[in-house]
There are 2 protein chains.
Amino acid sequence: MKLPPLNALRVFLVAAEHHSFTKAGETLHLTQGAVSRHIQTLEAHYGLPLFVRQARGLTLTPEGVALFPAVRDAFSRIEAASEAISRRSRELRVKASPSIASRWVLPRFTQFRNRYPDLMVSLVTVTGFDPNFKSREYDISFQACETQEPGLIYHRLRGARFVPVASPDLFKDKPRPTMAQFMEYPLLHPSHEDQFWSQWFALSGMNPGNSIEAYAFDTLDLAITAASRGMGITLAEESMIADDLANGTLVQLSDVALVTSWAYYLIYPQELATLPSVIAFRDWALAEFSDTPPAPASRAQ
Amino acid sequence: MKLPPLNALRVFLVAAEHHSFTKAGETLHLTQGAVSRHIQTLEAHYGLPLFVRQARGLTLTPEGVALFPAVRDAFSRIEAASEAISRRSRELRVKASPSIASRWVLPRFTQFRNRYPDLMVSLVTVTGFDPNFKSREYDISFQACETQEPGLIYHRLRGARFVPVASPDLFKDKPRPTMAQFMEYPLLHPSHEDQFWSQWFALSGMNPGNSIEAYAFDTLDLAITAASRGMGITLAEESMIADDLANGTLVQLSDVALVTSWAYYLIYPQELATLPSVIAFRDWALAEFSDTPPAPASRAQ
DNA sequence: GTTTACCATGCATAAAATTCATGGAGCAAT
DNA sequence: ATTGCTCCATGAATTTTATGCATGGTAAAC
C-alpha cells in the first residue's frame, strides 16, 4: 500500500473546504506558508496540481475535486471511530445493589470523582444481576456471588459477615439485651426470606420459636436504616455499618457473626480490563473496600 | 475536527495486521522501536491501550479492534482515490483522424514517448469527432474544424492548404503536366465529395468538365498514398507531404494552393488543462505541428 | 535454568515541518 | 495607468518530530 502523505491530506482537506490557504492556516493553527508547502508536497506526490491558483481565489482541479470526497469520508470515518473509543475511556458505569450503593459506594464516590475529574462515572443501582454483562448497561459491578462465570474478572472484596445491631435509643435506660433477650424486641429481617436470623440463632445455639415480632425489608440497607431509627434489631453486614458504629447511631449487640458462604466481588468483563477507567476504578475500589490489602500489581485475584 | 496522529494510524494498521511490531517494522521499513513509539503516540492520544502485549504475541484490545476496520477502510478509500487520480496523470489518449495519425503523429510519436517514458500515451484513430469529449474515449484531439465549442481549449496548429501532387513515376520520361494537362491523368479525390478538385480548378480559372477519370478515397491519407504509388494526381494537404516531397516519393505539380476556411486544431476539455500529461503533449504538439512558433508561455491561442 | 522472541526505552542523529520575512502575480478602484 | 490589496510561493533558519541503535526487561518454551 502506497499512501500519500497523510498530514498533507488533512491540510488539503481544510484548504479545499476554505478555498484558501490562508484561512486553512488559521483553522489549522499554521501559517499560510506551511499550508502552501503541504499542498506542494501532495501535488508533488501525485505529480499533478490539485488547486488552480488564481488571484481571485482558489479552485480545485478535477483531480482535486476527485480527491476531496475520498479524503473527507476517510477522515470522518477515522474521526467517528476515534470518538467512539475515546468516549469509552472517559465514561464508566458502575453497578451496585441499593445496599452497596448507599453503604459503600456513595459515601466515598465524590472522593473517586475528585481523583479522576475527567472521568464521567455514573452509578447504576439495580437489583438483580446480569451475570454476563450482556445488557451492557454497566461496565463494572459490585456483586455478592458464589460462583464465577467465564469471561468475567472477579476481585474478591470481602466475605459477608452479619452481626446483630440496633439503635442505642431502642433500649433507652434499659441494659442492652443479651442474645436470649433479642426476642423481646422486633427483629428486622434484611431480606424477605428468613435465612439470616434463623441461621444466626442456630449459630448461637438458640431456638427463637415462631412467636417473635419481625419486619422484613427489601434490602440490607433498608433494614439497617430501620434499625438506626430504633425500629428493632437487625442483622447487618459488618462493612456496611462501620460509620454507624463509629458515630453511635448503631451499637453491636453480639460478637457472634454469621459468616455466609458467599462474598462480595468487584466484577467486570475481561474485554474491559484494558480500559483505563476500569483500571482506575478497580484499583480504587480494591483499596477502599477490600478487607485484604490489594496485591502490589493490582492483578486479578 | 480533531484527528489522531495519522502516520501513527498507518503504523497501527500494519502492526494490527501482523500482530507484531517487529514484522510491521519490516513491512514499513522501520525499526521495531519506531513502530513501538508510533503505537505509544496513538495510545497516548486516546488515553488507552490498543494492544495487549504478551510475550507470546500481540493482541488488540477491544478498542483496537474497533479502530482497526475504520482505519483500514479509511486508508483504502484514500488509496483508491489516489490511484485513480495518479493514473490520470500517467495516461494520455490522443485522438486523431487516420490522415493526421499516419501523416503527423505516428512518424514523430516515438520521439514523444522517448521524452516522456513514464507516460502511457495511446493514439486513438477514429473518424468523426465527439465535439464535447463526452464519450471520454480520448483526452486530447487533433481536429480540423471551423467553429469552437465552449468548455474546450483550442490551439490552432495551421490552416489547411491543398496542392496537387503525384508520384514522379506517373509521368515516366514525359514532362510534368501543366494544370491544363491534369485531366489526362486520373484525379484522386481525397474525399467522397467533389469539393477539393472543383474548388481548386475554380481557383485556377479552369473548368475540367465531367469527363475526367477520378477515384475517391475515404481519407486524405489514402489519396496521398495512392498518388505516391502512381495512381494519379491528388490534392494533398501541404503539411502531410513534407516527407514525401523531401525524399522524392511525390512531386508538387503547381504552386496554386487551395486554402480552405477551416484549420487544424489541437483540442482538449478545459478541465484537463491542468493535467501534466495534457500539458506535456500540448507543448510538444504545438512545437512540432504548428506553422507558427508557439507563444513563449504556451498559452491557448 | 537457559534460551528465545518480543516489546520498551534512553540517547544521539537525521529528517521534516514550521516560521519568518519577502517576493510576485492578478484584480479592483482611483 | 497607477496604486493598493489580497493571496500564494519561497529561501533560510529553527524547532519539532521521527528514526535508528543499542540495550534492557519480561514471559514463554525447551
Side-chain angles (χ1 to χ4, degrees), chain A residues 2-61 64 273-274 276 295-300, chain B residues 3-61 63-64 273-274 276 295-300:
Chain A
K2 198 172 170 240
L3 286 168
L6 295 168
N7 292 318
L9 271 189
R10 180 173 48 183
V11 176
F12 162 79
L13 184 68
V14 178
E17 284 169 344
H18 285 79
H19 285 266
S20 158
F21 288 4
T22 306
K23 282 179 194 155
E26 291 165 10
T27 301
L28 294 163
H29 305 292
L30 288 176
T31 60
Q32 166 270 131
V35 174
S36 172
R37 282 207 158 73
H38 273 295
I39 303 300
Q40 282 173 33
T41 302
L42 207 53
E43 290 178 331
H45 170 85
Y46 288 126
L48 47 80
L50 296 168
F51 288 99
V52 179
R53 281 84 163 167
Q54 296 158 321
R56 196 98 178 87
L58 209 60
T59 323
L60 285 168
T61 64
T274 54
S298 293
R299 290 278 160 164
Chain B
L3 287 168
L6 295 168
N7 292 318
L9 270 189
R10 180 172 49 183
V11 176
F12 162 79
L13 185 67
V14 178
E17 284 168 345
H18 285 79
H19 285 267
S20 158
F21 289 2
T22 307
K23 284 179 192 154
E26 291 166 10
T27 301
L28 294 164
H29 305 291
L30 287 176
T31 59
Q32 165 270 131
V35 174
S36 171
R37 283 207 158 74
H38 273 294
I39 303 301
Q40 281 174 31
T41 302
L42 206 53
E43 290 179 331
H45 170 85
Y46 288 126
L48 47 81
L50 296 168
F51 288 99
V52 179
R53 281 85 164 165
Q54 295 158 323
R56 193 94 179 91
L58 210 58
T59 323
L60 285 168
T61 64
E63 292 70 40
T274 54
S298 293
R299 288 282 163 160

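Values reported hereafter were calculated over all heavy atoms of this structure, with side chains retained and with hydrogens, waters and symmetry mates removed.
- Listed by first and then second residue, the side chain to side chain donor-acceptor pair (under 3.5 Å) pairs that reach into residues 40-53 of chain A are A/Ser36-A/Gln40, A/Glu43-A/Arg53, A/Tyr46-B/Ser82, sequence neighbours excluded.
- Rounded to 10°, the helix from C/dG1-D/dC30 to C/dT30-D/dA1 has 30° between the axis fitted to its first five pairs and the one fitted to its last five.
- B/Glu26 pairs by the side chain to side chain donor-acceptor pair (under 3.5 Å) definition with nothing, not counting sequence neighbours.
- Considering all non-hydrogen atoms of both residues, B/Leu58 and B/Ser20 come closest at CD2-N, 3.8 Å.
- Taking each heavy atom of B/Thr61 and B/Pro49 in turn, the nearest pair found is OG1-O, 2.8 Å.
- In this structure, B/Leu58 places its CG atom 15 Å from P of D/dA27, rounding to the nearest Å.
- Applying the ring-ring contact (aromatic ring centres under 6.0 Å, His included) test to every pair with at least one member in residues 7-29 of chain B, sequence neighbours left out, gives these pairs: B/Phe12-B/Phe51, B/Phe21-B/Phe51.
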Check nucleotides 14-16 of chain D against the protein and report each pair of N or O atoms closer than 3.5 Å, with its distance, or say if there are none.
none

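- Of all heavy-atom pairs spanning B/Ala8 and B/Leu42, the tightest one is O-CD2, 3.9 Å.
- Applying the 4.0 Å criterion to OP1 and OP2 of D/dC8, one finds that A/Thr22 has a side-chain N or O inside that range.
- Scanning all heavy atoms of the two residues, the minimum distance from A/Ala15 to A/Ile39 falls at CB-CD1, 4.4 Å.
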Once each nucleotide of nucleotides 8-25 of chain C is scored for protein heavy atoms under 4.0 Å, what B/S/- sequence comes out, 5' to 3'?
BBBB------BB------
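- Among B/Leu13, B/Leu6, B/Asn7, B/Val11, the one residue that satisfies the side-chain contact (heavy atoms from CB on, under 4.5 Å) test with B/Leu9 is B/Leu6.
- Nucleotide C/dC7 holds its P atom 15 Å from the CG atom of B/Leu50, rounded to whole Å.
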